[in-house]
*Asks:* 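One structure, as structure tokens, below. Some questions next.
Positions are given from 1, in the same order as the sequence printed here.
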Amino acid sequence: MDETEFWELVDATREAADGDPEEQADLLVDRLLALDPEMVLDFARHFEARFNRAYTWDLWGAAWILLDGASDDAFDFFRCWLIGQGREVYEGGVHDPDSLADLLADFDEEIDGDGEELGFAADEAYEQLTGTVAPDLGIRPAASEPLGTPIDLESDGVLAERYPKLWDRFRG
């Protein structure tokens, strides 16, 4: 599975789920079950690489604003959700987290921002296909700390200055 196929699966399931991350995860498992186990592992590698790449302080600050606070786990689930939003939103958010203010048509913190189930879709599909737990993916693990310069996530002033568009739209 190449990168284009990965994003096509993400986009197709998001659109079919009308943006509901839990429904998207269920649809993703269904789509992955139609593939052979090695393709499912390829999907998992693409997902995990993007998940790790999004482990940055800059993106955590954006998640903090969108979610009105984001613990370690909440930030993990946010990164899964961000991948589930498709290539344009993911890439835009990773490169310029403040651009999420423009890239997200709407955002409901009750349902958006939590894609925990998306993070397990490939594992679930692989286990259903093979009866075994997915093997190690053979990719470099995430850093132990987010990449970039730490941000005082508890400071409204810091967040408002660093993310002016997000702050104005979601917290201002």
*Asks:* How long is the straight-line distance from CG of L67 back to CZ of F78, given to the nearest 0.5 Å?
*Replies:* 6.0 Å
*Asks:* Would you call R87-D11 a salt bridge at under 4.0 Å N-O?
*Replies:* no
*Asks:* Has the side chain of W60 got a donor or acceptor atom that lies under 3.5 Å from a matching backbone atom of A70?
*Replies:* yes
*Asks:* Would you please name every residue forming a ring-ring contact (aromatic ring centres under 6.0 Å, His included) with F77, sequence neighbours left out?
*Replies:* none
*Asks:* Any side-chain heavy atom of T13 within less than 4.5 Å of one from V29?
*Replies:* no
*Asks:* Looking at D156 and V158, would you say the former's side chain and the latter's main chain have a donor-acceptor pair under 3.5 Å?
*Replies:* no
*Asks:* Closest approach of L66 and R171, non-hydrogen atoms and distance?
*Replies:* O-NH2, 3.3 Å
*Asks:* How far apart are the C-alpha atoms of D168 and Y163, what are their side-chain angles, what is the distance that settles it, and do they pass the side chain to side chain contact (heavy atoms under 4.5 Å, CB included) test?
*Replies:* CA-CA 8 Å; D168 286 346; Y163 308 95; over 6 Å; no
*Asks:* Is the charged tip of R53 near the ring of Y90: under 6.0 Å from the six-membered ring centre and within 45° of its axis?
*Replies:* no
*Asks:* Please name all residues satisfying salt bridge (charged side-chain N to carboxylate O under 4.0 Å, His left out) with D98, sequence neighbours left out, ordered by chain then number.
*Replies:* none
*Asks:* Taking the side chain as everything from C-beta on, heavy atoms only, tell me whether N52 gets closer than 4.5 Å to E48.
*Replies:* yes
*Asks:* What distance separates S99 OG from L104 CG, expressed to the nearest 0.5 Å?
*Replies:* 8.5 Å
*Asks:* Is L27 reachable from V10 through a run of hydrophobic residues whose side-chain heavy atoms are each under 4.5 Å from the next?
*Replies:* no
*Asks:* Looking only at heavy atoms, what is the nearest atom pair of L28 and A121, with distance?
*Replies:* CD2-CB, 3.8 Å
*Asks:* Evaluate whether atom CD of E88 has more than 12 neighbouring non-hydrogen atoms of other residues, nucleotides or ligands under 6.0 angstrom away.
*Replies:* no
*Asks:* For R169 and D106, work out which heavy atoms get closest and say how close.
*Replies:* NH2-CA, 3.6 Å
*Asks:* If you measure from CG on L159 to CG on D152, what distance do you get to the nearest 0.5 Å?
*Replies:* 7.5 Å
*Asks:* Within a strict 4.5 Å, meaning less than it, do heavy atoms of the I65 and L100 side chains meet?
*Replies:* no
*Asks:* Which atom pair, heavy atoms only, marks the closest approach of G115 to C80?
*Replies:* O-CB, 3.0 Å
*Asks:* The test is side chain to side chain contact (heavy atoms under 4.5 Å, CB included); show your working for W7 and H46 and say whether it passes.
*Replies:* CA-CA 9 Å; W7 286 117; H46 282 288; over 6 Å; no
*Asks:* Please round to the nearest 0.5 Å and tell me the distance separating atom CD of E91 and atom CG of L103.
*Replies:* 11.0 Å
*Asks:* Give a yes or no on this: more than 12 heavy atoms of other residues, nucleotides or ligands lie within 6.0 Å of atom CZ of F51.
*Replies:* yes
*Asks:* Counting distance only, does the side-chain N/O of R14 pair as donor-acceptor with the main-chain N or O of G19 below 3.5 Å?
*Replies:* no
*Asks:* Could you give me the CA-CA distance, side-chain angles and deciding distance for V94 and T56, then say whether side chain to side chain contact (heavy atoms under 4.5 Å, CB included) is met?
*Replies:* CA-CA 8 Å; V94 168; T56 68; 5.7 Å; no
*Asks:* Do W64 and E154 have side chains that approach each other closer than 4.5 Å (heavy atoms only, starting at C-beta)?
*Replies:* yes
*Asks:* Do R79 and F75 form a cation-pi contact, if we require the NZ or CZ to be under 6.0 Å from the six-membered ring centre and within 45 degrees of the ring's axis?
*Replies:* yes
*Asks:* Say you draw a straight line from CG of L35 to CZ of F43; how long is it, rounded to the nearest 0.5 Å?
*Replies:* 9.5 Å
*Asks:* Using the six-membered ring wherever Trp is involved, compare the ring planes of F170 and F107 and label them parallel, tilted or perpendicular (cut-offs 30° and 60°).
*Replies:* perpendicular
*Asks:* Hydrophobic cluster membership, with links at side-chain heavy-atom distances under 4.5 Å among I/L/V/M/F/W/Y: are L118 and F120 in one?
*Replies:* no
*Asks:* Taking D108's backbone N and O only, do any of them form a donor-acceptor pair with D112's side chain (distance below 3.5 Å, no angle check)?
*Replies:* yes
*Asks:* What are the two closest heavy atoms between F47 and G119, and how far apart are they?
*Replies:* CE2-CA, 3.7 Å
*Asks:* Determine, stepwise, if the pair E5 / D42 fulfils side chain to side chain contact (heavy atoms under 4.5 Å, CB included).
*Replies:* CA-CA 10 Å; E5 292 168 314; D42 285 346; over 6 Å; no
*Asks:* Assigning hydrophobic clusters by single linkage (Ile, Leu, Val, Met, Phe, Trp, Tyr; side-chain heavy-atom cutoff under 4.5 Å), is W81 placed with I111?
*Replies:* no
*Asks:* Side-chain polar contacts of residues 131-148 - donor-acceptor pairs under 3.5 angstrom, sequence neighbours left out - could you list them?
*Replies:*
| from | atom 1 | to | atom 2 | distance (Å) |
| --- | --- | --- | --- | --- |
| T132 | OG1 | T130 | OG1 | 2.9 |
| D136 | OD2 | G138 | N | 3.0 |

*Asks:* Do D58 and T149 make a side-chain contact, defined as non-hydrogen atoms from C-beta onward lying under 4.5 Å apart?
*Replies:* no
*Asks:* Distance check, rounded to the nearest 0.5 Å: F6 atom CZ versus M1 atom CE?
*Replies:* 8.5 Å
